[in-house]
There are 2 protein chains.
Amino acid sequence: MSFSVATTGRMESLAELFTSRATDSCHPGQAIFWEGDPATGTFRIHEGVLRLYRILPDGCRAVTGFAFAGDVLGIAFHDRYSYTAEAVTNVRYSRFSRERLRKLASESPALQHELFEVVADELSAAQEQMILLGQKSSEERVASFLLKNGLRVYGSDKKTIDFELPMTRLDMADYLGLTIETVCRSLTKLKQAKLVSFRGRHRVTLHKLAELARFAGEEELEILRDPDHHDPVVRSEPMPLPFQNDKSGRMHLVI
Amino acid sequence: MSFSVATTGRMESLAELFTSRATDSCHPGQAIFWEGDPATGTFRIHEGVLRLYRILPDGCRAVTGFAFAGDVLGIAFHDRYSYTAEAVTNVRYSRFSRERLRKLASESPALQHELFEVVADELSAAQEQMILLGQKSSEERVASFLLKNGLRVYGSDKKTIDFELPMTRLDMADYLGLTIETVCRSLTKLKQAKLVSFRGRHRVTLHKLAELARFAGEEELEILRDPDHHDPVVRSEPMPLPFQNDKSGRMHLVI
DNA sequence: CGCAAGGTTGACTGCAGTCAATAACCGTGG
DNA sequence: CCACGGTTATTGACTGCAGTCAACCTTGCG
């Protein structure tokens, strides 16, 4: 839900909870937890990037997301992890027992609310991704991906954004529902259109954000919410679009 | 999280909460709430089917899901509804204030847990859908869709399943990231393969479930969980697949 | 430097989208 | 009850985007 201000006993925030724990670290290619393992722990990423993926029955890999510094993993699972979390870069993280976290949450509405927000954000991200995968062309997907990653680091105020994109082209492809070759070709198109440029394989610069956003099929963008967490979710704007729908659910564009 | 047994004061379940409220109803094409409206209410569907969708900047419609009897909508939003919920059939439902629900939840770990489960299930469903949209062919998508809808009604024990599929082909298409024509062609293929048959446009029979599941690219299927709510989520099985991944995240099928 | 992993580009193919014509269905009214 | 009209569904012909296969290039590490 939204906005719970209540506190019970001493307030304890999710981030604090984790920083009170020891820090572990792992290296590129190592997993923090595996798809199918009993989900006993939750994890907060202090530094680095992970890929989150499943292996499908046919052996394909589906990357369902990436995790970055500040993200908390492992909250919303049922009894088993539904994906593997594997380091892309060096990663520092802390672990906290799910059991204990659940118990603490049942005593602290504030914490409860924070956990709820984490899951609600994940859900928003997943639905955004559903739309990307269901509706967008390859170039729109790649543009969206670059934009989202750029905006995670800075706000949307600057004209130009420069950042690191540590995952491989294959990671991007498996995340965007494309092949590695199509990702490359789309990147090339974006380079040719002078919307982005690369220094090496993993250092990106986004020029002309507004154009890139339009190209990506995103709404507006410059709405620029508070510099709170990652919240590129809005999208649900007033929506004065010229359509109407008749009694049976068919959509008609009026013009 | 999972399995909270604790109770605080008098236990009150989510379903009960709603059944204590008046029942509203709406007709095909009418919306219960609209994308972008302030999210003040939560809703439990007692009967009927709704389509949940967004309108994208370019005017396209993306169906993010369907809601059925027993489902609860409107829990995980931020301050605004992120999609429109529109009746496909006649729908009976109850409304409950989000504000009040939040307050009750902060006092009842049991209710809190129920809400958490609802959102966690939504997240599971969304990630399942991400995989469908990112990895599956048109025929696999349609087969998955039929199977999922069939299994919602019955378990997976029967050899044959017969059920109503009230949404239009366009709804399915917008949900599966396909066109209406491709949905039709896929249905035709499935009919020709004798895996399904139709009586009229909305009455489906699934024959040979196991084959259909294999065709849909689903794992096993006959695992047959408890006849609890809808829980087709498992998928995270032991996974003894013959692969290994080297230090940089590239997957190698060993054979 | 040399090699291997990762990335890019090109040629070709095929699946799903588009446009268009036809058929089935359903509610309404004669 | 049947006939009619509008909506929804199906099929066909053709196109085009993204996938496949293959060659080549870059980069970074031992």
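Letters go in sequence order (proteins before strands), and every chain restarts at 1.
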Between [atom2] on [N] and [atom1] on [X], what's the gap in Å once rounded to a whole number?
X: R199(B); N: dC25(C); atom1: CZ; atom2: P; answer: 11 Å
X: Q135(A); N: dA16(C); atom1: CD; atom2: P; answer: 16 Å
X: I180(A); N: dG6(C); atom1: CD1; atom2: P; answer: 9 Å
X: R201(B); N: dT11(D); atom1: CZ; atom2: C1'; answer: 14 Å
X: L187(B); N: dT11(D); atom1: CG; atom2: P; answer: 9 Å
X: K191(B); N: dA24(C); atom1: NZ; atom2: P; answer: 11 Å
X: E140(B); N: dA16(C); atom1: CD; atom2: C1'; answer: 14 Å
X: H27(B); N: dG27(C); atom1: NE2; atom2: C1'; answer: 16 Å

(request) Name the closest nucleotide to the C184(B) side chain, picking from dT11(D), dT8(C), dT8(D). (result) dT11(D)
What N/O pairs connect the protein and nucleotides 17-21 of chain C at under 3.5 Å? Give each pair on its own line.
residue: dG17(C); atom: OP2; partner: T179(B); partner atom: N; Å: 3.3
residue: dG17(C); atom: OP2; partner: T179(B); partner atom: OG1; Å: 3.2
residue: dG17(C); atom: OP2; partner: T182(B); partner atom: OG1; Å: 2.5
residue: dT18(C); atom: O4; partner: R185(B); partner atom: NH2; Å: 2.8
residue: dC19(C); atom: N4; partner: E181(B); partner atom: OE2; Å: 2.9

(request) Taking the six-membered ring of F68(B) (Phe, Tyr or Trp), confirm whether the NZ or CZ of R152(B) is under 6.0 Å from its centre and within 45° of its axis. (result) yes
(request) Taking only the side-chain nitrogens and oxygens of S137(B), find out if one of them lies under 4.0 Å from OP1 or OP2 of dC15(C). (result) no
(message) Regarding S144(A) and K136(A), do their side chains bring together a donor and an acceptor under 3.5 Å, going by distance alone?
(response)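 Side chains of S144(A) and K136(A): pair found under 3.5 Å.
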(request) Tell me yes or no: between the side chains of T168(B) and D171(B), is some donor less than 3.5 Å from an acceptor? (result)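 Yes.
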(request) Please evaluate the base of dT8(D) for a donor-acceptor partner in the side chain of R169(B) within a cut-off of under 3.5 Å? (result) no
(request) Look at the rings of F77(B) and Y81(B) and say which category their plane angle falls in: under 30° parallel, 30 to 60° tilted, over 60° perpendicular. (result) perpendicular
(request) Please say which of D24(A), V91(A), T23(A) ends up in a side-chain contact (heavy atoms from CB on, under 4.5 Å) with H46(A). (result)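 Of the listed options, the one satisfying the test is T23(A).
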(request) Among R51(A), R61(A), M167(A), Q129(A), find the one that has a side-chain contact (heavy atoms from CB on, under 4.5 Å) with Y175(A). (result) Q129(A)
(request) Considering only NZ, NE, NH1 and NH2 on the basic side and carboxylate oxygens on the acidic side, decide whether D162(B) and R203(B) come within less than 4.0 Å. (result)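 The answer is yes: the pair qualifies as a salt bridge.
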